**Q** 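Below is the structure I would like to discuss, written out as structure tokens.
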Amino acid sequence: MRHRICLRIVSTVLNTKMRSHTYIDSLGSARMMARALDGKALAKEIKDELKIKIHNWINAGHRAPSLRCIIVGQDPASHTYVKNKIAAATEIGIEAQTIKYDATLTEEALIAAIELLNNDKTVDGILVQLPLPNSIDERRVCNAVAPEKDVDGFHITNVGQLCLDMPTIVPATALAVIEMLKRFKIDTFGRNAVVVGRSKNVGLPIAMMLHSDKNHDSGLGMDATVTICHRHTPPAQLELHCRNADIIITATGVPKLIKADMIKPGATIIDVGITRITDEQGKTKLVGDVDYDEVVKVAGAVTPVPGGVGPMTVAMLMHNTFQAAQKIWQQ
Ligand code: NAD
């Protein structure tokens with residue numbers, strides 16, 4: 001009896017995270033819509049797991065993992081992102097603080113502030129919210145964070161280790177995509193995957209893990225055959241590559257770039273893009289790169305925006321912070 005209740009709970013949880021429905025096509029036939037891969041529910045599950053691990057870590061005599069988020073300037077979206085990260089950290093037992101600076105802060109002053117945190121033994125994770133004001137060199141700032149505290153995974157050492165399939169700290173958004181593929185049991189072995197977008201913080205690390213060998217040290221390889229498309233990929237080529245893909249990961253910030261006629265029936269689509277648009281009614285809303293309402297009629301599984309990769313990114317940042325705390329303690 002207990003066994004049956006457990007099974008029912010598991011199946012309810014799975015159904016909630018991978019909802020699929022039917023729709024009536026133009027010929028009046030009922031067709032299956034793609035599974036919506038619910039990143040919000042999965043992120044909650046991961047944060048709940050972390051909360052228990054952190055509770056056990058503290059009960060074993062360690063101090064709480066700690067995170068410092070630096071934000072420079074007044075960009076409202078950046079402030080919202082940082083607020084969400086601090087709230088998620090606090091909720092699961094990570095001691096988190098925001099350090100705010102005016103946009104007039106100099107590069108040298110920012111680097112001096114980072115060095116103080118690098119040398120602070122009570123700090124495990126340091127995150128500098130991007131973008132920074134134009135007067136500041138982002139690459140220099142990313143490289144100023146101690147690699148072992150670089151929970152964004154943007155330091156040149158962490159990027160290099162990722163490219164060599166070595167254990168490292170992986171950028172949270174890329175890790176979120178890989179974790180979603182794994183936990184939603186999307187088969188990637190030998191499959192054709194297209195990554196649309198080649199940025200160093202998002203598209204590149206996703207492509208690195210997707211094509212890598214699972215048996216290498218990082219354990220993050222997905223063994224797919226990977227094509228990377230970008231702004232100079234001619235639209236007709238983008239369509240061809242996408243149509244041949246079992247999995248499409250798109251991270252461009254171009255709304256409706258990925259349309260239903262570019263999708264192989266049954267393919268999995270992970271939409272990383274987030275763009276704020278104003279609709280016909282004058283309401284602002286967040287959309288991804290995928291023409292979601294049409295793509296769900298062809299694809300096998302799609303992540304929604306919002307509620308897909310976004311919440312998972314926050315959850316994986318928490319994973320990185322706890323991982324950093326554990327590694328620093330071992331040193
Ligand atoms: P970016 O501007 O650095 O890179 C955009 C990439 O898209 C570039 O590589 C560019 O070549 C490519 N691109 C642009 N137009 C294209 C086109 N027409 N066809 C093919 N490729 C095209 O941006 P980024 O930092 O990589 O972020 C990409 C998107 O992901 C943005 O919408 C961003 O808001 C979003 N994002 C979401 C999360 C999350 O947690 N969900 C995290 C980071 C970024």
Side-chain angles (χ1 to χ4, degrees), residues 39 42-70 81-82 84-97 114 117-129 142-183 201-202 205-206 208-209 212 214 216-222 309-331:
L42 185 56
K44 183 181 180 311
E45 184 178 302
I46 290 170
K47 285 188 289 180
D48 287 347
E49 290 168 10
L50 280 169
K51 192 172 180 173
I52 293 168
K53 287 183 190 165
I54 290 169
H55 179 80
N56 293 342
W57 172 258
I58 295 168
N59 274 355
H62 305 100
R63 62 165 171 75
S66 68
L67 173 68
R68 297 293 174 270
C69 296
I70 297 177
Y81 290 142
V82 168
N84 291 343
K85 290 168 187 176
I86 297 285
T90 307
E91 185 194 325
I92 64 168
I94 293 174
E95 187 267 319
Q97 290 175 26
I114 292 170
L117 296 174
N118 284 344
N119 295 324
D120 185 338
K121 289 199 174 355
T122 65
V123 172
D124 301 305
I126 303 167
L127 175 161
V128 182
Q129 185 66 38
C142 290
N143 288 343
V145 176
E148 68 277 14
K149 296 189 179 187
D150 167 38
V151 288
D152 259 339
F154 294 163
H155 189 283
I156 190 168
T157 300
N158 289 323
V159 177
Q161 288 177 164
L162 175 66
C163 293
L164 294 171
D165 299 347
M166 293 163 70
T168 191
I169 305 179
V170 178
T173 304
L175 196 56
V177 169
I178 299 302
E179 195 66 18
M180 289 179 95
L181 291 172
K182 282 186 185 161
R183 296 222 186 192
N201 296 343
V202 185
I206 292 169
M208 288 314 295
M209 287 183 281
S212 293
K214 190 179 182 1
H216 284 178
D217 285 351
S218 74
L220 293 169
M222 303 297 279
V309 178
M312 276 297 292
T313 295
V314 177
M316 298 323 289
L317 176 71
M318 300 305 124
H319 162 93
N320 283 354
T321 305
F322 185 43
Q323 179 190 313
Q326 289 170 295
K327 286 255 172 74
I328 288 170
W329 182 80
Q330 282 162 8
Q331 283 167 2

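Small disclaimer: the values here were computed from a predicted structure and weren't measured.
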**Q** Going through the distances and angles, do Glu45 and Leu42 end up as a side chain to side chain contact (heavy atoms under 4.5 Å, CB included)?
**A** CA-CA 5 Å; Glu45 184 178 302; Leu42 185 56; 4.1 Å; yes
**Q** Is it the case that the side chain of Ser66 and the backbone of Thr122 share a donor-acceptor pair, with hydrogens and angles ignored and the cut-off at 3.5 Å?
**A**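 Yes, the answer is positive, given that a donor and an acceptor are paired below the 3.5 Å cut-off.
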**Q** Taking all non-hydrogen atoms of both residues into account, name the closest pair between Pro65 and Trp57 and its distance.
**A**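 Where Pro65 meets Trp57 most closely, the heavy atoms are CD-CD1, 4.2 Å.
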**Q** Kindly determine whether Asn158 and Leu162 satisfy side chain to side chain contact (heavy atoms under 4.5 Å, CB included), including the steps that lead there.
**A** CA-CA 6 Å; Asn158 289 323; Leu162 175 66; over 6 Å; no
**Q** Can you measure from CD1 (Ile126) to CG (Asp120) and round to the nearest 0.5 angstrom?
**A**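 Interatomic distance, Ile126 CD1 to Asp120 CG, rounded to 0.5 Å: 8.5 Å.
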**Q** Could you please spell out the steps behind the side chain to side chain contact (heavy atoms under 4.5 Å, CB included) verdict for Asp152 and Leu317?
**A** CA-CA 7 Å; Asp152 259 339; Leu317 176 71; 4.1 Å; yes
**Q** Between Lys149 (side chain only) and Val123 (backbone N and O only), is there a donor and an acceptor less than 3.5 Å apart?
**A**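 Flag set: sc Lys149 to bb Val123 pair under 3.5 Å.
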**Q** Within the distance-only criterion (no hydrogens, no angle test), does the side chain of Lys85 pair as donor or acceptor with the backbone N or O of Leu127 below 3.5 angstrom?
**A**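 No; judged by distance alone, with no hydrogens or angles, the pair does not exist.
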**Q** Could you walk me through whether Ser218 and His216 pass side chain to side chain donor-acceptor pair (under 3.5 Å), step by step?
**A** CA-CA 6 Å; Ser218 74; His216 284 178; over 6 Å; no
**Q** Find out whether Leu220 and Met208 are in side-chain contact, i.e. whether some heavy atom of one side chain is under 4.5 Å from a heavy atom of the other.
**A**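 No. Closest side-chain heavy atoms not under 4.5 Å.
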**Q** How far does NE2 of His319 sit from NZ of Lys53, to the nearest 0.5 angstrom?
**A**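 These two atoms lie 8.0 Å from each other.
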**Q** Give the intermediate values and the outcome of side chain to side chain contact (heavy atoms under 4.5 Å, CB included) for residues Met316 and Ile46.
**A** CA-CA 8 Å; Met316 298 323 289; Ile46 290 170; 4.1 Å; yes
**Q** Does a side-chain N-to-carboxylate-O contact under 4.0 Å join Asp124 and Arg63?
**A**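 Between Arg63 and Asp124 there is a salt bridge, with a charged N closer than 4.0 Å to a carboxylate O.
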**Q** Mark yes or no for whether Asn320, through its side chain, and Val151, through its backbone, hold a donor-acceptor pair below 3.5 Å.
**A**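 Here the side-chain-to-backbone pair exists.
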**Q** Looking at Glu49 and Lys44, is any side-chain nitrogen of the basic one under 4.0 Å from a carboxylate oxygen of the acidic one?
**A**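 Salt bridge absent between Lys44 and Glu49.
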